[in-house]
4 protein chains.
Amino acid sequence: MARGINKVILIGNLGQDPDTRYTPNGNAVVNLNLATDESYKDRQTGQMVPRTEWHRIVIFGKVAEVAGQYLRKGSKVYIEGRLQTRKWQGQDGQDRYTTEIVVDINGQMQMLDSRGSEGGMNQGAPQGRPQQQAQAPQQQYNAPQQPQQQGGYSNPAPQQQAGSMPEPIDDFDDDIPF
Amino acid sequence: MARGINKVILIGNLGQDPDTRYTPNGNAVVNLNLATDESYKDRQTGQMVPRTEWHRIVIFGKVAEVAGQYLRKGSKVYIEGRLQTRKWQGQDGQDRYTTEIVVDINGQMQMLDSRGSEGGMNQGAPQGRPQQQAQAPQQQYNAPQQPQQQGGYSNPAPQQQAGSMPEPIDDFDDDIPF
Amino acid sequence: MARGINKVILIGNLGQDPDTRYTPNGNAVVNLNLATDESYKDRQTGQMVPRTEWHRIVIFGKVAEVAGQYLRKGSKVYIEGRLQTRKWQGQDGQDRYTTEIVVDINGQMQMLDSRGSEGGMNQGAPQGRPQQQAQAPQQQYNAPQQPQQQGGYSNPAPQQQAGSMPEPIDDFDDDIPF
Amino acid sequence: MARGINKVILIGNLGQDPDTRYTPNGNAVVNLNLATDESYKDRQTGQMVPRTEWHRIVIFGKVAEVAGQYLRKGSKVYIEGRLQTRKWQGQDGQDRYTTEIVVDINGQMQMLDSRGSEGGMNQGAPQGRPQQQAQAPQQQYNAPQQPQQQGGYSNPAPQQQAGSMPEPIDDFDDDIPF
DNA sequence: TTTT
DNA sequence: TTTT
């Protein structure tokens with residue numbers, strides 16, 4: 001089906017609260033403004049110079065609801081999506097192009113803050129235009145959590161198997177692989 | 001050092017031959033136009049609809065030389081880089097933004113064709129690092145001029161909008177970002 | 001050079017403090033035990049079942065020093081490396097194989113906790129065998145931090161450009177791309 | 001749901017034809033043996049040394065059928081999956097661990113050869129989903145039997161240690177992990 | 001065991 | 001503009 005790969009992986013912080021909108025069918029669509037901080041070595045001075053890159057994220061589907069509900073300005077987040085450039089008309093009638101990272105059923109979003117939201121859980125809910133969603137049952141999120149019973153196929157922690165697991169490498173000859 | 005992650009992974013085919021330029025110091029900088037083909041299920045018809053996304057790739061450093069030398073229109077290639085949006089001035093003096101995938105020392109490029117180049121090894125290809133950059137004709141950039149009429153939600157090819165798209169970077173001061 | 005791709009990306013938490021060792025040349029090598037928590041839908045019950053996978057990480061080079069110094073049991077961390085399977089002898093003289101994620105000059109490690117270490121900065125330094133590194137200057141880490149002065153090439157935050165940037169998508173026809 | 005990331009991206013070539021099996025419910029499960037070729041700079045000689053890493057891939061679901069049908073020994077392929085270590089019993093009754101890359105509904109496989117299969121389209125290949133799994137000869141598994149003597153730091157091929165390596169998963173209860 |  |  002697909003004959004190519006188009007994948008983006010980002011970790012950064014939100015520059016502002018999520019912008020949540022809804023399709024006519026009531027599906028959430030969330031726009032995020034994500035900053036990734038990097039640094040590079042300046043050729044002239046030899047010093048590390050910080051660089052912030054800003055990314056436009058568009059999230060669809062169920063993960064959009066979670067994003068809109070729990071993310072806030074400043075939230076640290078992992079994003080996996082695909083690049084998409086869309087065309088739009090400027091005020092002057094000319095074509096413009098904007099590249100976004102689309103997170104749909106094939107992508108994912110992970111909150112990396114210990115709580116997900118800044119300054120407590122969910123204070124100051126998303127504004128935007130969810131008015132017509134007044135009774136919005138889709139905002140509820142009941143995380144399924146049953147006691148983990150794993151028989152037979154338990155996932156081993158290989159390093160912990162006393163007496164039968166390998167020591168970490170300890171015979172270095174400085175022929176380290178790079 | 002870095003406090004974020006900004007990573008792009010693409011597999012696709014070149015829409016045209018690489019555009020190779022050189023910095024004043026003689027370092028190669030290659031621009032690629034990469035198509036990634038995907039398909040998605042249309043909600044109305046339930047059928048798979050092909051979708052082609054076009055990406056602007058900018059390659060620096062040693063890998064740029066390899067890319068310029070061996071890649072050709074149609075080449076299948078793996079690209080790993082980072083997203084970067086740069087600002088430029090339209091003819092009307094207004095700010096525009098273009099998002100590119102930058103491949104530098106931290107990225108990589110892998111040729112996925114059995115030979116690397118189409119139609120035989122190396123016919124008509126630039127050979128290695130040009131001894132003299134002085135008169136270097138490969139530095140000339142001829143902006144593509146076809147009108148390209150795109151209606152509806154077609155996926156735009158930002159690089160080809162005659163008269164309104166940015167030149168590839170061409171004002172290097174060798175302050176290349178790594 | 002390389003004719004393949006071998007890449008691993010993990011986000012998880014350390015099951016124990018890092019194990020720091022040194023090559024004869026004094027280069028740090030750090031072993032981590034990383035848990036990634038996922039969940040999958042049980043076919044029988046239809047419920048989400050948590051699943052923890054444990055990974056052996058081996059870090060070389062400068063990033064090993066940072067890892068050994070700042071990571072602690074429980075630390076949340078981003079790891080990018082490559083898969084490597086090595087052979088070793090069990091007590092019974094038989095061959096065993098262990099697969100590890102190697103983080104070298106081409107990989108990276110990012111601390112995702114707000115501070116990097118749990119329970120304050122650097123209490124209870126790495127044990128291991130750094131005795132011969134007694135005066136260990138390599139443990140010092142002076143993060144370069146000069147005031148960021150970026151002229152001309154400032155990295156734009158495209159979404160903020162009043163009057164010239166696109167509205168987020170707002171004309172959904174529920175033909176959302178999946 | 002998931003509170004971690006566990007992602008593997010590989011591009012390499014198959015060391016042998018896919019091993020296709022079926023669950024009691026008739027779902028295909030394919031085992032691949034994938035080689036990724038890299039090279040690193042030897043510290044002593046300063047020369048680039050090739051290094052081949054072998055990976056065990058397990059594919060479930062619809063993509064397994066495609067893999068079993070079109071991939072062949074030598075095929076170049078893109079794999080995206082997750083790491084999973086499973087426990088098994090050696091002949092001596094001791095626990096062993098094998099790490100595999102699992103490709104399920106969240107992963108993907110892309111054929112990177114121009115045709116997908118080696119030596120012409122589909123010669124001698126299994127065709128589609130077998131109508132009757134009953135006598136299904138493709139379910140037989142013949143463990144490779146060569147001694148394979150590997151000295152020093154050679155990269156082991158864990159799958160081939162006669163008599164001491166795990167069978168591919170073959171006790172499916174259709175509790176497949178997704 | 002693959003591939004170039 | 002690519003590719004299958």
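The structure displayed is predicted, hence computed values, not measured ones. Chain letters run A, B, ... following the sequence lines, proteins first, then strands; residues in each count from 1.
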Residue [X], side-chain heavy atoms: nucleotide from [options] that is nearest:
X       : options             : result
A:Arg3  : F:dT1, E:dT3, F:dT4 : F:dT4
B:Thr52 : F:dT4, F:dT2, E:dT1 : F:dT2
B:Trp54 : F:dT3, F:dT1, E:dT1 : F:dT1
B:Gln16 : F:dT1, E:dT2, F:dT3 : F:dT1

Partners passing side-chain hydrogen bond (donor to acceptor under 3.5 Å, both in side chains) against D:Asn6 (at least two apart in sequence or in another chain):
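With neighbours one apart ignored, the set is C:Glu38.
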
Pairing residues for B:Gln89 by the side-chain hydrogen bond (donor to acceptor under 3.5 Å, both in side chains) criterion, not counting sequence neighbours:
B:Asp95

Using a strict 4.0 Å threshold on nitrogen-to-oxygen distance, state whether A:Arg82 and B:Glu53 make a salt bridge.
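Result for this pair is no, no salt bridge flagged.
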
How many Å lie between [atom1] on [X] and [atom2] on [N], as a whole number?
X       : N     : atom1 : atom2 : result
D:His55 : E:dT1 : NE2   : C1'   : 13 Å
B:Asn33 : F:dT2 : CG    : P     : 11 Å
B:Leu32 : F:dT2 : CG    : C1'   : 12 Å
D:Ile57 : E:dT1 : CD1   : C1'   : 14 Å
B:Leu34 : F:dT2 : CG    : C1'   : 8 Å
B:Tyr78 : F:dT3 : OH    : P     : 22 Å
D:Leu71 : E:dT1 : CG    : C1'   : 15 Å
B:Asp17 : F:dT3 : CG    : P     : 11 Å

Provide the closest heavy-atom pair for D:Ala35 versus D:Thr52 in the form atom of the first, atom of the second, distance.
CB-CG2, 3.8 Å

